[in-house]
Structure formats: C-alpha cells, structure tokens
Amino acid sequence: MSNRFVSGKTTLCGIIGDPIEHTMSPPMHNAAFEQMGLDFWYVPFRVKREQLEQAVAGMRALNIRGLNVTIPHKVAIIPLLDELDPLAGRIGAINTVVNDNGVLRGYNTDATGFLQALLEKGVEPRGKRVVLLGAGGAARAVSFVLAERGAHLVILNRRLELDWAEGLASRLTETFGKEVKAPELAEENLAQALEEADILVNATSVGMSPNVDETPVTSNLLKPSLIVFDAVYNPVKTRLLREAGQTGAQTISGLEMLVWQGASAFELWTGVKAPVELMRAEVIKALATDEN
Ligand code: NAP
C-alpha cells in the first residue's frame, strides 16, 4: 500500500460500477500515478443503476478529472455526457470519461486497448480473418475496432433469440460497407469459421473464474497457425489459451487488454505516458490477492 498523502491539490479519478469490489483498476492506476510522480488518486465508487445521473452530476460538482465506467453503466451514461469520441459513438458504449473544466467526454479504451494489445504482440489485424465469439459489451468494442482496422469478421454468439450478434453484424456491415456474418455459436459453424481463420477472439465469459475448466472452443478445432486472444483475464491463462498454446498457436491474454485500456485512460487523464510494465505487474498482484 502506498504511503502517499492526499493533499488539497490532489486530482481525483475513479471507477463507477455495480458490483465494484473486484476491480483491479485502483491498484493499477495508483501505482502508475506514484511511479510518474503525479499528485492523482484513484478510488472505486459503487454506483447503483438508478443513481447514475447523480453520480455524473457529482463528477462535475466535485471536479473529478476522470472516471472509468463498468457494468451496468457503459451504455446508459452516454446521454449524460457532453461529447463522445467518434469510435465510442459508433460502438455505443464507453468505459472512460475525461472531465475538461466541466466538459465531459466519453471514450472506449476497451476497444483501443484491445487493438493496442494485439499490436504490441506484433499482430496486425488489417486484412486478417477474425472469428469473434460473443456479442456482449466486450465483443461490441472489439468488433468495431477490428472492422475499423480492416479485418474480416465472423461473429458467433450462443443465444440467437436475442438477435444481438445479428444486430451487431448488420450495424458493422452498414458502418464499414463490408459484410459481417453472424451464424449461431454451434460446433459445425465454429469448425467451418475456424478452418479459414487467422485470429480467434473469445469475448464471451466462458472460462472465467470460477468456471476455469470451461472453454468456448474444443481443442480439436485449434491449429498452430491461429492467433488466439481471450478477453477473459481471470485466470490470466484460461483453458482456451492453454490448449491453444499446446498446439503451438500464439496466445494473448485478456490481461493485456485490461492493462492497455488502463494505460490509454491514464494517458487521457494525465497527458503522461503510462508505465505499462508496472501496471501489468500491479494487476497480476491484485489478481493473486483477489483469489485468496
Ligand atoms: P456481457 O456483455 O455480459 O456478454 C457476455 C457474453 O458471453 C455474451 O455474448 C454471452 O452470450 C456470452 N456467454 C456467456 N456465457 C456463455 C456460455 N456458457 N456459452 C456461450 N456464450 C456465453 O459481458 P462482457 O462485458 O462482454 O464481458 C465478456 C468477458 O470479457 C468477461 O469475461 C469479461 O471479464 C471480459 N472482459 C475483459 C476485458 C479486458 O479488459 N480484458 C474488458 C471487458 C470484458 P449470450 O448472449 O448467449 O448470453
């Protein structure tokens, strides 16, 4: 725990969501502020769905410089902001707010953090065939940034009755003028899509703690030429990533997305380059503590 002092000049940042007690962001950001010699402090706020409007008014009244936004507020907060980054506007969800002298601007650093995590591992998605599993919040962010970057997407989601995947695919097709297909997440469709794929992204919660023995893709469908990205970060090495690694495939953990979305938010609030390695180490430490 840091022994920094909060003073009358300290700038406040934080995260709003419900539940919030398992967030990894406070240790990640506070360690980064300290490392960079910034008089900033980051705190978690549990904000219930019906109190979101008051929370945003509070951000203005208390002059909080920056907020991260998590479930269930990522979509509902948009009409309460003054400005939206264009990518966040297309996605229709944000996870970061910057307060510039009372003007609140929303960003989606889940999307930019995901792309950064890929690029940092030497993976350029432009022109690549990507199979994306899921159609929830993470999948939405990932799909828009991939489509914008020029990847060819197939989205597979379990529940067809909600039309989430189809709706998402048709919005992407409309926005980027390139057809995005959305077949059901069934073994046969998955096998067919993976046969031609360069990159697999799991943006479902399958394999997340405590269900660590689950995997969204059986190991017989994996191949050495595939790059496998799992948005799940707890555990850092999911069953999907372990089995993909065993075939010789390159694997990237959701930990990287978490760290790069944090780094991007940090830079938006402070204007200072984020100490990414330290932030990664802090998340790994916080994940180990959370398990105990
Ligand atoms: P969400 O909006 O609730 O969406 C969950 C998705 O998982 C839906 O597509 C859902 O499909 C699918 N799903 C759940 N259980 C399933 C099952 N048994 N079989 C097949 N599909 C299943 O959640 P989210 O916010 O997108 O988060 C998804 C995952 O990404 C979580 O593990 C989260 O921790 C992770 N995430 C990571 C980061 C990061 O920075 N690394 C950022 C955001 C999220 P249905 O529609 O069929 O229910």
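Numbering of ligands and ligand atoms starts at 1, following listing order. The shown structure was predicted, so the numbers you read here are calculated from the model rather than taken from an experiment.
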Under 4.0 Å between a side-chain nitrogen and a carboxylate oxygen: does that hold for Arg90 and Asp85?
no
Where ligand 1 meets Gly136 - atom numbers and elements under 4.0 angstrom, heavy-atom basis
2 (O), 4 (O), 9 (O), 26 (O)
Could you list the atoms of ligand 1 found under 4.0 angstrom from a heavy atom of Gly134?
9 (O)
Nearest candidate to atom 34 (O) of ligand 1, where distance is taken over non-hydrogen atoms, out of Met24, Met208, Arg158
Met208
Under 3.5 Å, N or O to N or O, is Ala231 touching ligand 1 that way?
yes
N or O contact, Ala138 vs ligand 1, cut-off under 3.5 Å
yes
Kindly confirm or rule out an N or O of Asn157 lying under 3.5 angstrom from an N or O of ligand 1.
yes
Salt bridge or not for Asp39 and Lys9, using N-O below 4.0 Å?
no
Salt-bridge criterion met for Arg129 and Asp198 (N-O under 4.0 Å)
yes
Residues 186-194, side-chain donor-acceptor partners within the protein, below 3.5 Å, at least two apart:
residue : atom : partner : partner atom : Å
Asn189  : ND2  : Glu184  : O            : 3.1

Pair Glu282 + Lys285: basic N to acidic O under 4.0 Å
yes
Could you list which atoms of ligand 1 come closer than 4.0 Å to a heavy atom of Ala203?
28 (C)
Contacts of Asp110 meeting salt bridge (charged side-chain N to carboxylate O under 4.0 Å, His left out) (sequence neighbours excluded), chain-then-number -> Lys74
Taking the six-membered ring for Trp, are Trp269 and His29 closer than 6.0 Å centroid to centroid?
yes
Does ligand 1 come near enough to Ile71 that some N or O of the ligand is less than 3.5 Å from an N or O of the residue?
no
Are Glu124 and Arg149 ion-paired here, with the side-chain N under 4.0 Å from a carboxylate O?
yes
Going by the order shown, which atoms of ligand 1 are within less than 4.0 Å of some heavy atom of Val232?
32 (O)
Any idea which part of Ala135 is under 4.0 Å from ligand 1, heavy-atom wise: side chain, backbone, both or neither?
backbone
Residue-level breakdown please: for Thr204 versus ligand 1, do any non-hydrogen atoms fall below 4.0 Å on the side chain, on the backbone, on both, or on neither?
both
List every atom of ligand 1 that sits less than 4.0 Å from any heavy atom of Gly254, numbering the atoms from 1 in the order shown and giving each element.
39 (C), 41 (N)
